[in-house]
Amino acid sequence: MTTSTESMKDLDTLVDSFLDYALSHGLTVRPGSFENPRKTFGEHAPITLFPSKFPATAFEEACQIQELYNELYAAISRDEDWLGSVMNELAKVDTFVGRLWKLHKEVKDEGITQPLSLGLFRSDYILHVSSPSELQSPVIKQVEFNTVAASFAGLATKVAEAHAYFQRSGSYEPIVSIPASSIAENHALDGLATGLAKAHQAYGVSDAKILFVVQHDERNIFDQRWLEYRLFEKFSDFCLGKSTDHRETSVSMEEKTRKLLLEASPTLQEISVVYLRAGYGPDDYSTEQDWQTRALLERSHAIKCPSIATQLAGTKKVQQVLAKEGIVERFIKSRTAVKRLCDTFAGLYPLDDSFSGIRGRELAFACPEFHVLKPQREGGGNNVYRRSIPEFLQRLPQAQWSAYILMELISAPVSENTLLRNGVPVHMAVIDEIGIYGAVLWNTQETVWNSGCCGYLVRTKSTDSQEGGVAAGYGCLSSLQRV
Ligand code: ADP
Ligand code: MG
Ligand code: MG
């Protein structure tokens, strides 16, 4: 990339056309604060001007193992004993997890009428380079596995289309050469819509609807809307969706059949699948009414995406326990499959006072600069990094340490990109985090349908930022250029 006056002009032209493309193709989010009560305006999402280079073999491996990850988390979700052993301990130190687990047990004791569960998952990875000699063949290490409200399938699909359009139209040519077909196609939107449609079909009532439960004042609303629209485009002959604000959801249940009913004029509407884009953190339960709504959804005959068990299977604590020797084998029988999964694990340590916990506690103080401390929360902005860890722990009563896990920091190779935020392009040193989507439907015994990998996400962030979340304001959406 050159920086002459001529090329600065080329860059300006590209940025202008790119922003026009973004706004006209719904690559948008709602502004941080808005006064218009109809909330009708949007701004471009934080995006990269160029696709992000990523080794083809590492990407291929991440895609291929998604089928195994889908299987693994479906199996964890239905293993009441194992999940219970982890959650009963966690519940003592994390009141939010505790309340969700208690609700799960109450519903279970009452008797679950719906054997099917849907997972729309996203497994996140960063390339790991532990030494200069590994620069040639970096490996993927898993950051986390998302089982609830895994977002950005809509905008990630759109940003891949945007980059492909600028590549094919020759618009990148004056600045950078990107080989034809090197940008990986992204079918995340189709993939998740297909998952919802499969679950709806399995529910077996064609005029029932899929309920999207969305956060009040969601900034990332267009990403969620894209999924609703894609569901309509592809499957409207047999399946429709309906969005509702999580604080205003008016649902009821027919006690005998446990059919979930949405108040819809002129009649009550039966719900086949509940897709949660809300309810993953304590802020979404500010009133008892919010808890009652969640309880009603969980008790109902509708297929949950996710159920409480599946949501809790996605906690960082579960990720840490899985990384202990011999645990994945409980869920996955093939030894080669187990190895492929375990090869993606970074170092993960408990902070309780069990034997291995002592090691976690030691590491947190002996070499905090190589670690990140994570609570059982989602949505970005919750972690404690590097040298802040010892001080943070010292201020926290020791009895609460086990609400956190310690994780080895994954050290990504650095590249460059131009990030676009609020219309301003900034060229900088960046690192990339990829996410692989997967959809899976299972019953109490086995997997009924597994999509394998059904799309991807790339988030690119400045090397100065520890966090990568787009919604939390740290990262930019990108696409993947195979190298
Ligand atoms: P959340 O569920 O809130 O998204 P994450 O575990 O994904 O929590 O952490 C948020 C961000 O922090 C990630 O997107 C990533 O950029 C960074 N991060 C988390 N864990 C690691 C790690 N082990 N190494 C490097 N960066 C990490
Ligand atoms: Mg998460
Ligand atoms: Mg994350």
Side-chain angles (χ1 to χ4, degrees), residues 46 52 62 69 73 94 96-97 119-130 138-153 156 215 220 276-284 306 310-320 322-323 344-349 360 363-364 367-389 403-414 419 429-438 456-478:
S52 300
Y69 264 119
Y73 276 83
D94 187 315
F96 178 63
V97 167
L120 294 185
F121 296 149
R122 201 188 69 222
S123 186
D124 293 337
Y125 307 92
I126 292 178
L127 276 179
H128 186 58
V129 253
S130 55
V139 293
I140 43 163
K141 291 288 174 190
Q142 186 180 54
V143 175
E144 63 153 347
F145 193 86
N146 294 287
T147 58
V148 58
S151 56
F152 291 121
Q215 279 183 329
N220 196 22
L276 291 180
R277 289 289 289 254
Y280 53 81
D283 292 351
D284 286 345
T310 304
Q311 176 173 344
L312 293 175
T315 50
K316 273 93 182 168
K317 185 67 195 175
V318 165
Q319 185 189 6
Q320 175 257 301
L322 278 178
T344 67
F345 297 169
L348 286 146
Y349 313 95
L363 281 176
C367 43
E369 62 274 24
F370 299 115
H371 294 94
V372 48
L373 186 72
K374 300 188 183 186
Q376 313 305 315
R377 292 293 173 269
E378 294 300 326
N382 303 301
N383 298 339
V384 182
Y385 292 89
R386 299 177 190 268
R387 293 195 180 277
S388 314
I389 298 172
Y404 295 76
I405 59 118
L406 190 75
M407 184 173 186
E408 171 195 2
L409 277 168
I410 308 165
S411 57
V414 175
L419 308 192
V430 295
I431 67 162
D432 304 308
E433 177 171 352
I434 67 166
I436 304 293
Y437 294 97
Y456 73 90
L457 167 71
V458 177
R459 284 171 298 176
T460 295
K461 65 177 184 183
S462 149
T463 47
D464 299 337
S465 167
Q466 314 268 20
E467 288 269 339
V470 174
Y474 306 103
C476 286
L477 299 164
S478 187

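Predicted model only: the values in this text are computed from it and were never measured. Counting starts at 1 for both ligands and their atoms, in listed order.
With respect to atom 20 (N) of ligand 1, the closest heavy atom belonging to the protein is Lys374 NZ, 2.9 Å. If you check which protein heavy atom lies closest to atom 7 (O) of ligand 1, you get Glu144 OE2, 2.9 Å. Protein heavy atom nearest atom 26 (N) of ligand 1, with residue, atom name and distance: Ile126 CD1, 3.8 Å. Nearest non-hydrogen protein atom to atom 10 (C) of ligand 1 is Glu467 OE1, 3.2 Å. Here the protein heavy atom with the shortest distance to atom 14 (O) of ligand 1 is Glu433 OE1, 2.7 Å. Looking at atom 9 (O) of ligand 1, its nearest protein heavy atom turns out to be Asn383 ND2, 3.0 Å.
Heavy atoms of Lys141 stay at 4.0 angstrom or farther from ligand 1. Heavy-atom distances between Tyr385 and ligand 1 reach below 4.0 Å in at least one pair. Not a single heavy atom of His371 lies less than 4.0 angstrom from ligand 1. Contact annotation: Ala346 has no heavy atom less than 4.0 Å from any atom of ligand 1. A heavy-atom separation below 4.0 Å is not found between Asp124 and ligand 1.
A donor-acceptor pair under 3.5 Å is formed between the side chain of Thr147 and the backbone N or O of Thr310. A donor-acceptor contact shorter than 3.5 Å is absent between the side chain of Glu433 and the backbone of Val143. Tyr349 places no side-chain N or O within donor-acceptor distance of the main-chain N or O of Leu363, the cut-off being under 3.5 Å. The closest donor-acceptor contact from the side chain of His128 to the backbone of Ser411 lies under 3.5 Å. The backbone N or O of Ala403 sits nowhere less than 3.5 Å from a side-chain atom of Lys317 that would complete a donor-acceptor pair. At least one donor-acceptor pair closer than 3.5 Å links the side chain of Tyr437 to the backbone N or O of Ser151.
When Arg122, Gln319, Lys316 are each tested for a side-chain hydrogen bond (donor to acceptor under 3.5 Å, both in side chains) with Glu144, only one passes: Lys316.
Looking at Glu144, its N, O or S atom nearest to the Mg ion (ligand 3) turns out to be OE2.
Those atoms of ligand 1 that come under 4.0 Å of a heavy atom in Gly380, given as number and element, are 1 (P), 3 (O), 4 (O). The contact set between ligand 1 and Met407, taken as ligand atoms under 4.0 Å from a residue heavy atom, comprises 23 (N). Each of the following atoms of ligand 1 lies closer than 4.0 Å to a heavy atom of Lys461: 16 (O). Within ligand 1, the atoms closer than 4.0 Å to a non-hydrogen atom of Lys316 are 1 (P), 2 (O), 6 (O), 8 (O), numbered from 1 in the order shown. Each of the atoms 22 (C), 23 (N) of ligand 1 lies under 4.0 Å from some heavy atom of Glu408. For ligand 1, the atoms lying closer than 4.0 Å to a non-hydrogen atom of Gln466 are 12 (O), 16 (O), 17 (C).
With contacts defined as side-chain heavy-atom distances shorter than 4.5 Å, the pair Ile405/Gln376 qualifies. Looking at Val414 and Ile431, their side chains come closer than 4.5 Å, going by heavy atoms from C-beta outward. Residues Ser478 and Leu457 form no side-chain contact, since every pair of their non-hydrogen atoms from C-beta on lies 4.5 Å or further apart.
With values rounded to the nearest 0.5 angstrom, Met407 atom CE is found 10.0 Å from His371 atom NE2.
Taking distance alone, with nitrogen or oxygen atoms compared against 3.5 Å, Ile410 approaches ligand 1 more closely than that limit.
Taking the six-membered ring for Trp, Phe121 and Tyr69 have ring centres at least 6.0 Å apart.
With a 4.0 Å heavy-atom cut-off, ligand 1 is reached by the side chain of Val372 but not by its N, CA, C or O.
Between Asp94 and Arg377, at least one side-chain N (NZ, or NE/NH1/NH2) sits under 4.0 Å from a carboxylate O, which counts as a salt bridge.
The OE1 atom of Glu378, the Mg ion (ligand 2) and the OD1 atom of Asn146 define an angle of 100° (nearest 10 degrees).
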